[in-house]
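To start, the structure itself, in structure tokens.
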Amino acid sequence: MGRHEELRKEIDQIDRQLVQLFEKRMKVSTEIAEYKLRNNVPVLDAQREKMVINKNISYLNDRTLDTYISEFSKHLMELSRRRQQECLHTQHTKTC
């Protein structure tokens with residue numbers, strides 16, 4: 001197996017881990033949606049999102065990736081908000 005194939009295999013393993021973590025994160029987002037529904041809390045908390053982005057940037061070892069982790073975090077939180085909205089709108093079903 002050439003180096004290219006080895007690297008692809010490594011990416012596949014990382015992607016599997018990312019998918020598992022994504023699924024776990026979305027499950028927690030669903031639980032947060034349930035909390036927000038019960039407590040009449042809005043889905044979007046812009047201040048919290050800024051804090052999360054800054055915290056995620058601080059976890060980086062390679063600071064040349066700041067912009068990328070910022071974009072990744074924003075997109076991930078957008079997906080979480082969409083999932084929460086979906087759950088809030090389908091509160092009487094078992095979709096979430």
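Fair warning: this is a prediction, and the values are worked out from it, not measured in the lab.
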- Message: For the NZ atom of Lys24 and the CD atom of Gln20, what is their distance to the nearest 0.5 Å?
- Response: 10.0 Å

- Note on the structure: In this structure, OG of Ser29 is separated from CD of Glu86 (nearest 0.5 Å) by 11.5 Å

- Query: With hydrophobic residues grouped by side-chain heavy-atom distances under 4.5 Å, do Met51 and Val41 end up in a single group?
  - Reply: no

- Task: Take Arg3 and Glu6 through the salt bridge (Lys or Arg N to Asp or Glu O under 4.0 Å) test and state the conclusion after the steps.
- Result: CA-CA 5 Å; Arg3 181 69 179 145; Glu6 289 173 6; 3.4 Å; yes

- Item | Ser80 side chain near Arg25 side chain, heavy-atom distance below 4.5 Å | yes

- Please tell me if the side chains of Glu78 and His75 come closer than 4.5 Å, counting only heavy atoms from C-beta onward. yes

- Here the gap from Lys50 atom NZ to Met77 atom CE, rounded to the nearest 0.5 Å, amounts to 11.0 Å

- One should read off an interatomic distance between Cys87 SG and Glu31 CD, to the nearest 0.5 angstrom, of 10.5 Å

- Measure the shortest side-chain to side-chain distance between Leu76 and Phe22 over non-hydrogen atoms and say whether it is less than 4.5 angstrom. yes

- For residues Asp62 and Leu60, determine if any side-chain heavy atom of one lies less than 4.5 Å from a side-chain heavy atom of the other. no

- Note on the structure: Rounding to 0.5 Å, atoms CZ (Arg81) and CG (Asp45) come to a distance of 10.5 Å

- Same apolar cluster: Val43 and Tyr35, side chain cutoff 4.5 Å: no

- What is the distance from atom CD1 of Ile14 to atom CD of Glu10, rounded to the nearest 0.5 Å? 5.0 Å

- Item | Test item: Asp12 and Arg16 side chains (from C-beta on) under 4.5 Å apart, heavy atoms | no

- Query: If you measure from the Lys or Arg side-chain nitrogens to the Asp or Glu carboxylate oxygens, is any gap between Glu5 and Arg8 under 4.0 Å?
  - Reply: yes

- Task: Answer yes or no: is there a side-chain heavy-atom contact under 4.5 Å between Arg83 and Thr30?
- Result: yes

- Message: Any heavy-atom pair between the side chains of Arg63 and Ile57 that's under 4.5 Å?
- Response: yes

- Query: Do Lys74 and Glu49 come close enough that some side-chain heavy atom pair is under 4.5 Å?
  - Reply: no

- Query: Is there a path of hydrophobic side-chain contacts, each under 4.5 Å between heavy atoms of I, L, V, M, F, W or Y residues, that connects Leu44 with Met26?
  - Reply: no

- Same cluster for Leu88 and Ile32 if Ile/Leu/Val/Met/Phe/Trp/Tyr side chains link at under 4.5 Å? no

